[in-house]
Number of protein chains: 2
Amino acid sequence: MSSNHTHNKKNQTLTKNQRIVLNLLQDSGEPLKAYFILDSLKKEGLNSPLQVYRALDKLVELGKIHKVESLNSFIICNNSNCASNTAFTICERCGKVKEIKNNNLTEGVNELVRENKLNITRYNLEFYVVCKSCKIN
Amino acid sequence: MSSNHTHNKKNQTLTKNQRIVLNLLQDSGEPLKAYFILDSLKKEGLNSPLQVYRALDKLVELGKIHKVESLNSFIICNNSNCASNTAFTICERCGKVKEIKNNNLTEGVNELVRENKLNITRYNLEFYVVCKSCKIN
DNA sequence: TTACGTATGTAATAGTATAACATTAGAGGT
DNA sequence: ACCTCTAATGTTATACTATTACATACGTAA
């Protein structure tokens, strides 16, 4: 019984590597790829992919970031209550990603999951859209 | 305006590579990885990763198979009407994957998507579960 | 102190996917 | 039949993503 999302283990202090990776993702707001993170943080002392992946793994486990599976990228969690459930929109044209939460769509899905007979423990939803600015152009 | 899902371009005949890859996925029923497919089909004349990926890309485009993003795997489409929307359950313990369709959950999601204001063109849903046989043990 | 879990650093390697280029096969129009 | 155009093929090389293995360090609890 592993309690995945450990905002309960409160105030868990991050290590240096975890912190600088988290900061980068936070500042960016966009999904970033592991090797881009590595390049960006060379000057901060990150030398190897493994250092990045280990930090990313931990941050995912803590619910502070999410992996966008179809992009092999990682994005800051903008969901203060940090569920392990994730839902994104991904623009088919420009690739822009947004985490969605607390709207009719995700609430509706949560409702459906609760009603559902499958033993759903968590989910990852990727909705492909044409975002506003792409729709105009 | 590319019509992605071309069951309309009816009876599109597959090429040899596309056919043998599709057959393997069909016979298996499970998600398979590209390099596993390559190894399995060496005797049928497949020599390089690119041959596999090209066949896979085409089959995905035709809606005959789906990619399970979080597994880097490909699985036969069991959905006769071939929407570009996909929904899977993935067992967290044994990794078993099932495509789900035409049940309350997916119908509900479709309803939500129709009602939704975002310009959703398609979606990929991955629901993590504990499957029956894993739950018992 | 010892023991244990977790994080680190580094090197090597495994696994996933695409670029570039030359060639061939098929479908459609004339 | 011939030409043309698009899509598929074959091959090599390479890029991108992720993990294994091993040695070491750090903090905390017994």
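Reminder, nothing fancy here: chain letters follow the sequence lines and each chain counts from 1.
- At whole-Å resolution of the value, CG in B:Leu71 and C1' in C:dT16 are 14 Å apart.
- If you take CZ of B:Arg54 and C1' of D:dT11, they are 9 Å apart, rounded to a whole angstrom.
- Proximity of a side-chain donor or acceptor of B:Glu107 to a complementary backbone N or O of B:Asn104 within less than 3.5 Å is not detected.
- Residue ring and base: B:Tyr35 counts as stacked with C:dT16 (centre distance below 5.5 Å, interplanar angle below 30°).
- Atom OH of A:Tyr53 and atom C1' of C:dG9 are 17 Å apart (whole Å).
- Side-chain N/O atoms of A:Thr15 include none lying less than 4.0 angstrom from OP1 or OP2 on C:dT6.
- Under 4.0 Å is where a charged nitrogen must lie from a carboxylate oxygen, and between B:Glu92 and A:Arg122 at least one such pair does.
- Of the options A:Asn110, A:Thr86, A:Thr106, a side-chain hydrogen bond (donor to acceptor under 3.5 Å, both in side chains) to A:Tyr123 is made by A:Asn110 and by none of the others.
- Paired with B:Ile65 under the rule side-chain contact (heavy atoms from CB on, under 4.5 Å), one option of B:Leu59, B:Val21, B:Asp57, B:Leu32 passes, and it is B:Leu59.
- For B:Lys58, a side-chain nitrogen or oxygen approaches OP1 or OP2 of D:dA8 to under 4.0 Å.
- The phosphate of C:dT10 (OP1 or OP2) has a side-chain N or O of A:Asn47 nearer than 4.0 angstrom.
- For A:Lys67, the listed nucleotide lying nearest its side chain is D:dA18; candidates were C:dT10, D:dT11, D:dA18.
- DNA chain D is contacted by both B:Gly45 and A:Ala34; B:Gly45 maps to the nucleotide lying nearer its 5′ end (nearest heavy atom per residue).
- Comparing B:Asn72 and B:Ala55 by the nucleotide of DNA chain D that holds the closest heavy atom to each, the one mapping nearer the 5' end is B:Ala55.
- If you measure from atom CG of A:Asn17 to atom P of D:dA25, you get 17 Å, rounded to the nearest angstrom.
- The distance from atom CG of B:Leu46 to atom P of D:dT9 is 9 Å, rounded to the nearest whole Å.
- Look at CG on A:Leu50: it is 10 Å from P on D:dT20, rounded to the nearest Å.
- Of the charged side-chain nitrogens involved, none lies within less than 4.0 Å of a carboxylate oxygen, so that A:Lys96 and A:Glu30 do not count as a salt-bridged pair.
- For the pair A:Leu38 CG and D:dA18 P, the computed distance is 13 Å after rounding to whole Å.
- Between A:Lys33 atom NZ and C:dT16 atom P there is a gap of 15 Å when expressed in whole angstrom units.
- One finds no side-chain N or O of B:Gln51 lying less than 4.0 angstrom from the OP1 or OP2 phosphate oxygen of D:dT9.
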